[in-house]
Amino acid sequence: MAALYEGYTLCGLVPGQTLTNSGIQGIEAERDSDHVVVTDSTRSVTLYKVSDQKPLSSWTVKQGQTLTCPAVYNSQTEEYVVVSDNKVSSDVWRVHCLPGGEPVVLFQRGAVRLLDSLLSAPQQPIEEVLAQEEAIRWSTNIVADSQQFVIFTTEQKGDSFLYLHRLNPNTLQRYRLEREEPGLSPLSFSASYRDKHICLLYLYPNGHVYQSVVSVRGLGGDEGAQALPLPRSLLLGLPVGEGLLEAASAQLLDEAHVAVVGVPHPSAGAGKDFLCIWNTNFQTLQAGKEMAGKIYGQLWTFSNKLFIPHGKTLSVIPYECPKSSLASALGKLKQAKTEGELKQMSCVPSWNNILHGDKAQPSRPAETRKTVSNFIKTKYLNFSVQTAPVEEVQREVEGLLSRADIQDLQPLVGQLASMLVSRSLADPAFYTPSTLAQLVHTQSLCHSVCPDLVLLALERRDFFLCQLCLQFFPDIPEAVTCACLKAFIRVVIKTGEEDKEKSSTPPEPICPVGLHKAVLLNEVLLTAYSDTFLLPHLKDLSSQHVVLFLQYLQFLYLKYSQDASPQMHGLRSPSLTQIMDWVCMVLDAHFTVLVMTPEAKGLLVNLHSFVKSQVRLVSELGKIEGSLQELNKMKVKKDVGQYSIEIIELF
């Protein structure tokens, strides 16, 4: 039976004004199943490592330019391809690229070109394939029988069409979809290839999910002008409640399962949005998960993970779709039990044994014993955490963590942390800093599981716990990162920086915040972020905070200038690239204010010289790039003896 597992946040969103504008244009798989490229609706592209929920890199186009199709990764050249302001030779609809394949460009008027041929002759004429008033609504590309196909659908005066463009040799086939109720057009499309057929899945606003199948064997010459009728079969009739669906999507997961978002759950009340998996063979709902916030009708799937924008969050939901029988689809599959299993079930260990870690009855298997043990521990700790004094709670949780396998307790860690945080927020007299720190140290927590933990630590001025969360949580939102930054700088200013680093040698740069506060600021600098989402929050910093923060960044830069490994007394320190990125972001957010601030004049002059030196360094490195690459290619001689002289000729 299909299942949806606990999800997590990949990044935040900046939604647009329209019903279906989540702020994301598209998501594409990158070099492997654990990397995706996210393109927003304006100027930014970000590469994420999904398992860590961390952005690895991000870039934007110039001010005034707009990205008009999602970025794709070209594995042949190890480059990213994206289009700004629609244009290449003509208006571009999408760029598609399969793993290991060459990127393909689909133009808005239906023409298709391989990227290499287009770049070699950028001024070449681009033909118009579509009729007047016909517009593309959706597109993808797949490999079928070792041949690449570009698939796209169009609309014209209430009619919908399917185009199959085969590359090498180039052929085009056009199909007309059967009409639904008057005025209804498909909300979403999904395509797959199996058993020598291309399968097209499409969802209408009335909840009808259809499938059309085209055999790749029957695709002949260029018949693009003639539209053939495309038969369809009804896979699902989804409940829509009152009215019609507006922002919904259906994604084919395998031959028997469909993921649907934006369609009401048949058993839930009105006003709730769900992500569901339906079994098309047996017409049954097999898994459902409520999604908080607005649904935009967008859904992507890569490597058994669903990517869904909702509210102001892009969530990743792992799923599983095992093959199912009618009994399992209806939830009535019974597991046969052997005589031995029945005997084991009758031998239940005592509660005392479970709670205090004594040896249990040998007749119960270890895994079953762990499950029952964790269940009772959870019930016991629920009561303890909600009612017991601080000392008793600390003692019970410490005992649990010391006795049990952390992997076995992974689901409990988030539950314990959430209960502790909830009680601490409700009761000012209750707070367990050491216990919360222990739970963070297990590395079984993240911000998505316990979103109020960092804010609680800031409220209680528990900066050590803040430091741990910044270090171990892979998914801290930019707003929380900036809140930590403001709190840390505020402490520096309030304490008067009495713990500044002293130096007996004048050339040695002096830390403007002191080593104790530098530890906290470094964790902020090392935290993953997207500049698009961080920049608005940086603008909330006061000019006094900005000047002090830039002074610290300048200090770090000077340390790098004097020392290739500027680790200050074993502290975790950011890289030079991270330092310069933060300098640029802070200047972008506050440049006008800094220009008008007399105290910042000298600082701006110094930062200007830093940037100039960086530009000069990059320029000089560029001059010797070719030589360094040749050195890297050279084979090292294994036997050179104790002393040798080798002449290397660089051309």
Side-chain angles (χ1 to χ4, degrees), residues 13 15-27 41 69-70 93-94 134-140 151-163 175-192 198-213 230 232-253 257-266 268 270-278 280 283 285 288-289 291 293-301 306-311 314-315 317:
L13 302 178
Q17 299 299 316
T18 62
L19 182 67
T20 57
N21 187 357
S22 67
I24 291 181
Q25 280 198 65
I27 302 174
S41 299
C69 80
W93 167 258
R94 285 288 187 274
E134 187 177 7
I136 298 176
R137 296 295 181 227
W138 167 87
S139 66
T140 188
I151 305 173
F152 58 98
T153 62
T154 65
E155 277 186 36
Q156 181 191 24
K157 298 179 180 179
D159 286 322
S160 297
F161 299 90
L162 170 69
Y163 287 79
Y175 297 89
R176 182 192 300 271
L177 276 65
E178 293 183 31
R179 278 203 174 196
E180 190 66 1
E181 299 173 23
L184 295 186
S185 299
L187 291 174
S188 74
F189 292 91
S190 174
S192 65
I198 293 173
C199 302
L200 183 72
L201 183 90
Y202 41 109
L203 167 67
Y204 279 92
N206 58 6
H208 289 178
V209 179
Y210 292 98
Q211 179 175 267
S212 296
V213 178
L230 184 64
R232 69 184 186 182
S233 58
L234 181 65
L235 285 187
L236 290 170
L238 300 174
V240 297
E242 298 179 1
L244 298 171
L245 303 176
E246 294 182 321
S249 181
Q251 187 77 32
L252 196 62
L253 302 180
H257 296 91
V258 173
V260 180
V261 68
V263 178
H265 191 290
K272 294 183 178 180
D273 290 305
F274 280 79
L275 170 66
C276 297
I277 295 181
W278 288 79
T280 57
Q283 305 286 302
L285 175 62
K289 192 175 193 65
M291 308 304 296
K294 179 182 176 183
I295 293 293
Y296 304 95
Q298 292 178 304
L299 187 63
W300 294 269
T301 177
L306 292 164
F307 294 75
I308 172 173
H310 60 104
L314 173 62
S315 290
I317 314 291

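- Between Thr280 and Val209 the shortest side-chain heavy-atom distance does not fall below 4.5 Å.
- Remark: Leu201 CG to Ser192 OG distance equals 8.0 Å, nearest 0.5 Å.
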Worked check of side chain to side chain contact (heavy atoms under 4.5 Å, CB included) between His208 and Leu234: CA-CA 7 Å; His208 289 178; Leu234 181 65; 3.8 Å; yes
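- Contact record, Ser185 with Pro205: O-CD, 3.2 Å, taken as the closest heavy-atom pair.
- Asp159 CG to Arg176 CZ: the interatomic distance, rounded to the nearest 0.5 Å, is 4.5 Å.
- Closest non-hydrogen pair, Gly262 versus Leu245, comes out as O-CD2, 3.7 Å.
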Steps toward side chain to side chain contact (heavy atoms under 4.5 Å, CB included) verdict (Ile151, Trp138): CA-CA 8 Å; Ile151 305 173; Trp138 167 87; 4.0 Å; yes
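- Exactly one residue among His265, Met291, His310 makes a side-chain contact (heavy atoms from CB on, under 4.5 Å) with Leu275. That residue is Met291.
- Across every non-hydrogen atom of Ala250 and Val260, the tightest pair is CB-CG2, 4.3 Å.
- The two residues Trp300 and Gln25 make their nearest non-hydrogen contact at CZ2-O, 4.2 Å.
- Minimum interatomic distance between Glu178 and Tyr204 (heavy atoms only, all atoms of both residues): O-OH, 3.6 Å.
- Checked options Leu200, Leu162, Thr140; the residue passing with Phe189 is Leu200 (criterion: side-chain contact (heavy atoms from CB on, under 4.5 Å)).
- The one candidate from Ser160, Ser190, Ser212 that meets the side chain to side chain donor-acceptor pair (under 3.5 Å) condition with Tyr202 is Ser212.
- For the atom pair CZ (Phe152) and CZ (Arg137), the distance works out to 13.0 Å, reported to the nearest 0.5 Å.
- Under the 3.5 Å distance criterion, with hydrogens and angles disregarded, a donor-acceptor pair is assigned to the side chains of Tyr210 and Glu180.
- Side-chain atoms of Thr301 and Gln251 form no donor-acceptor pair, as typed in the model, at a separation below 3.5 Å.
- Considering all non-hydrogen atoms of both residues, Ile295 and Ala247 come closest at O-CB, 3.9 Å.
- In this structure, the separation between CD on Gln298 and CG on Leu13 is 9.0 Å, given to the nearest 0.5 Å.
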Stepwise side chain to side chain contact (heavy atoms under 4.5 Å, CB included) check, Ile27 with Leu314: CA-CA 11 Å; Ile27 302 174; Leu314 173 62; 3.9 Å; yes
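- Between Asp273 atom CG and Tyr296 atom OH the span is 10.5 Å, to the nearest 0.5 Å.
- Put simply, CD on Gln211 and CG on Leu236 are 10.5 Å apart, with the number rounded to the nearest 0.5 Å.
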Check against side chain to side chain contact (heavy atoms under 4.5 Å, CB included), Leu238 and Leu203: CA-CA 9 Å; Leu238 300 174; Leu203 167 67; 4.2 Å; yes
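- Annotation for Gln283: atom CD counts as buried by contact number, over 12 foreign heavy atoms lying within 6.0 Å.
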